[in-house]
Structures are given as structure tokens and as C-alpha cells.
Protein chains: 2
Amino acid sequence: MHSILRMSTVKKILIADDEPDILEIIQYNLQAEGFEVITAKNGNEAIEKAKRSLPDLIILDIMMPGKTGMEVCNLLRQQPAFKNTLIIFLTALSDEGTEVKGLESGADDYLTKPISPKVLVSKVNALFRRFSNDGPKVLKVGDLEIDREKYMINFKGNDIVLARKEFELLALLAGKPGKVFLRNEILNTIWGTEVIVGDRTIDVHIRKIRQKLDLDCISTVKGVGYKFEI
Amino acid sequence: MHSILRMSTVKKILIADDEPDILEIIQYNLQAEGFEVITAKNGNEAIEKAKRSLPDLIILDIMMPGKTGMEVCNLLRQQPAFKNTLIIFLTALSDEGTEVKGLESGADDYLTKPISPKVLVSKVNALFRRFSNDGPKVLKVGDLEIDREKYMINFKGNDIVLARKEFELLALLAGKPGKVFLRNEILNTIWGTEVIVGDRTIDVHIRKIRQKLDLDCISTVKGVGYKFEI
DNA sequence: TTTTTGCCTTAACAATTTGATAATATAACA
DNA sequence: TGTTATATTATCAAATTGTTAAGGCAAAAA
């Protein structure tokens, strides 16, 4: 039942905790709800698996060997890919201070141990209901359709395949047609503040988009940046 | 909470301090207020990241290895891009002299260590309330429309393309119709204090604007400067 | 595992635009 | 009229972007 109804949008959840029992309890309950679950036993593993699987939600234990949940959270939030990922902290301390700190460090909610499966499941569902942009993530501008979910472009009925960076760049520009995006703005949004790439990288991606779309929709504003317009 | 706050324009704040603890404290408190925070561990990093991310506010520790906060401030202020960026100094010395020097060197406010998170947050909010120039980026004067975001000029329905300097110059003059801008004023605003250009450079740009607009909207005040009026 | 594929970045060079200057002309003003 | 400040124009260097090809690397396939 679930499986069919949710086919299109099965949410991926990553859980990180060093206690195997807790990991199992959470995993069992979330899988029973129809979520796809990925687990990690420590902070570093969490980061790796998060990067690999790009989950919709990450549940992080605060106390973990290696990297704490908060450290993981901060590190992930610095990357563009995780700017909008939901993050929940898990803490044994019902300590007020920790709770506040957790939210400060960029988490969307927190859970205290011992965990009640009902509370867990309802919080998770509530978060998805509240924040998941399940709406049609299709952006239409003229004859161009940009499907952020499927990572696909359709122009006049023809599907066009763009690589990830190309897609993100086009989606960014087309998100505000007419607005000139400064090169720095583009770098910050797509590459983040930590990564540094060469001067010509943006140009090359722009070139590929122009080429694949075979449509003069991105114009250069010399000395300023690029803008999308039909 | 993230996701929702991000909806509108989230203010970007860059913090530069060589003490990791202070950096962290400030970061936590500002993130809790919903600001986007970028950090730097020294003066040079601060300059790099400032250029890259163009923050709305920069918080600079005075005492830093490499470049001091004041040096960073002075360097940034010389550039047109940072003429209107808010800058706050952070100092351990509640020394009067330093404070005054700080404000002289172009900072908008200062904070003394040890830092009270409440004071910090309220100062930051106060500054944004007072100076936030989030106004609409379209300037309309008569039949002329200047769209700073789209980098476009529209006159009586016709789009006009100006080069960057021309655009900036027109935008500056049209920003206060009737006001006479001294040549020095123009040089400082558009070229910055570090760049030195010849006497005739402004004239040539003015000429190009007049030509492209085909409209007698910039008048010369001999011996003084230029003004925009319809 | 090994191989293959394709993405991302970079380097190198070409093409283009911009912006500054010099030289000269014109206008404003004493 | 002579002096000063601005207008105009053409020119050239510098800054910026366009283009192509090649290599590193990681994911996917064999």
C-alpha cells in the first residue's frame, strides 16, 4: 500500500548513532513507515554516507566517537547540497542548553532519549509535511521546463540531459529570469564558500548549457555576471 | 526553521577572529537568529571570503595575526563593493583611543570583549534595522527605469544596454535627481580611492551615456560636477 | 576486481568588449 | 580675448569572456 502510493517520493533518511540498539529501533520504525533508511555508526561515516546518498532527512546523535553530531551538522551545512536538508539531533541529555545549541548549529528539530517510536515517527512525518517541497518542482519559463526533482530539462517537447553542475547553474539562473547573477553569487550558491575553482569554470559550464539547449537564453553582462531570459 | 527563514533574504555575516572559541560563540548566536554565517581565522582569509561572498555585515577582531581588523577594514573600504557594507570591530581593549580609531577607520560600530551574546545580537539587529537598504532595486525617474538587479535601462519602453561603468555612473546620478555630484565624489564612489584615473575619464563616460540615452538628462555644472534631471 | 564511461576542472589561446588616454575642438566665463 | 573647463573622437592596452582540448577522478559497468 504504502509502497505503491509513495513510489514516486520515497524519502531517504540517514541515521547516525554509535549505539547499535538505538540505530536498530529507529531503523525498524522508520522502515515500517515506508521510509528508506541508511545507517552510520559514527560522525565520519555519517558524513560519507550523507554525501553519497543525499538523504532527505538526517538524524544525528549528539554524542558520537570521532565527530559529534553538531560537528557533522556544521560541516554539512557549509556545503550547498545540504543547505536545505532536514536535520534532527538526538540527545540523551534533556538539558536545555544542549537543545538550544543544537538548534543554533543549524538543526531543524531535536529528539531526547529514550526514544518513543511514536514520537519519533510523528516528528519525522511532521517535518516532512511541513518542509518538504513536494509540490511540483517544475519550473516553467516559456518553452522551457526545468524539473528539479528529475534533474531534467525539456525544451519544446524534447528532453535534454544536463550534467549536475550544468543543471544547477541553469536552475539557478532560470529561477529569477532577468536577474543578473554575479560570478561570486554563482560560486557561493553552487560551489559553496569553501571550494575554490578557477576563473573559467563557470564559463565552460555556461558554454555547455548554451550548446545543449541550442537556445540563446543566457546572456552575458560583461564585468558583472550572467542572466537568464527568453 | 531554516527552510522558512531562508524564504526571504537572509542576511550574510562574515566573522573574523583568530580565537576559535570566540568565533564559535558568535557563530552560534547569530545562526540562532537566522543569519547565514561565514567565518575566517585571520585578516587575509577575511578579505578573501569577503570578496567571494559579499556579506551584509562583517565583524572584525582588531587583534589578528597577519592583518589587523583595522587594516582589513581600510582595505575593503577602498573598494566600491564594500562602501556600504556594515563593519563592526571587536576589541579586547575597552581603551577609548582604540574605539575612536576604529570608528575613524570606517567601522559602523564596535564591540568589546568579553562578548555578551545579547548585546551582540541586539547590536547586529539594530544595525540591520537602521541601515538595511533592501528597497526595491528598480529606480524610476520619469520615463526612465533603472533596474539594478537586471542591470538594464529602459527608456520609454526601449531597452538600452550600458557598459558597467556607464551603468554605475548613471545609477549614481539618477539615484538623487537634482543633486550635483562633484567629480571627486564620483571618482570615490565608482572607482574607489585606490584607483586613479585621468581627468577626462568621467567626461568620456558621461558622453557615452548621453549618446546612448539620446536624452538630455545629465547636465554639466561647470567647475563643480554633474547632475541628473529630467 | 578491472575496465569504461562521463563529469568536472583546468590550461592555453582566441575573441571580444571595455575603459582610459591623448589629442583636438568647443564652450563658458572673467 | 585669453583662460579654463568640458566635449568629442579615435586609438590602444587591459580586462573579461569564449572556446577547445586534455587530464584527473569517481561512479558505473563488465
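In this text, all values refer to a predicted model and were calculated from it rather than measured experimentally. Numbered from 1 within each chain, the chains take letters A, B, ... in sequence-line order.
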How many Å lie between CD on A/Glu166 and P on C/dC7, as a whole number?
7 Å

Under-4.0 Å side-chain N/O to phosphate OP1/OP2 contact, A/Arg183 with D/dT17
yes

For nucleotides 20-30 of chain C, 5' to 3', base contacts (B), sugar-phosphate-only contacts (S) and non-contacts (-) with protein non-hydrogen atoms under 4.0 Å give SB-B---BB--

Rounded distance (Å) that lies between atom P of C/dC7 and atom CG of A/Leu169
15 Å

Indicate whether OP1 or OP2 belonging to D/dG18 is found under 4.0 Å from a side-chain N or O atom of A/Arg210.
yes

To the nearest Å, how far apart are A/Lys51 NZ and D/dC25 P?
16 Å

Can you tell me how far the CD1 atom of B/Ile206 sits from the OG atom of B/Ser219, to the nearest 0.5 Å?
9.5 Å

Quick one: do B/Lys150 and A/Glu229 make a salt bridge, cutoff under 4.0 Å?
no

Counting only heavy atoms not in B/Lys212, do more than 12 fall under 6.0 Å of its NZ?
yes

Distance check needed: D/dA21 P versus A/Gln211 CD, whole Å only.
11 Å

Could you state the atom-to-atom distance from CZ of A/Arg207 to P of C/dC8 in whole Å?
16 Å

To the nearest angstrom, the CG-P distance between B/Leu182 and D/dA5 comes to 15 Å

For A/Phe167 and A/Tyr151, take the angle between the two ring planes, folded into 0 to 90°, and tell me which bin it lands in: parallel under 30, tilted 30 to 60, perpendicular over 60.
parallel

Show the nearest heavy-atom pair for residues A/Val37 and A/Gln27, with the distance to one decimal.
CG1-CG, 3.7 Å

For the pair made of CG in A/Asp203 and P in D/dA15, what is the distance, rounded to whole Å?
17 Å

Taking only N and O in the side chain of B/Thr220, is any of them less than 4.0 Å away from OP1 or OP2 of D/dA7?
yes

Could you tell me the separation between the OH atom of B/Tyr226 and the P atom of D/dA5, rounded to a whole number of Å?
13 Å

Side chains of A/Leu90 and A/Ile26 in contact at under 4.5 Å (non-hydrogen atoms):
yes

Between A/Asp203 and A/Arg210, is there a side-chain N and carboxylate O pair less than 4.0 Å apart?
no

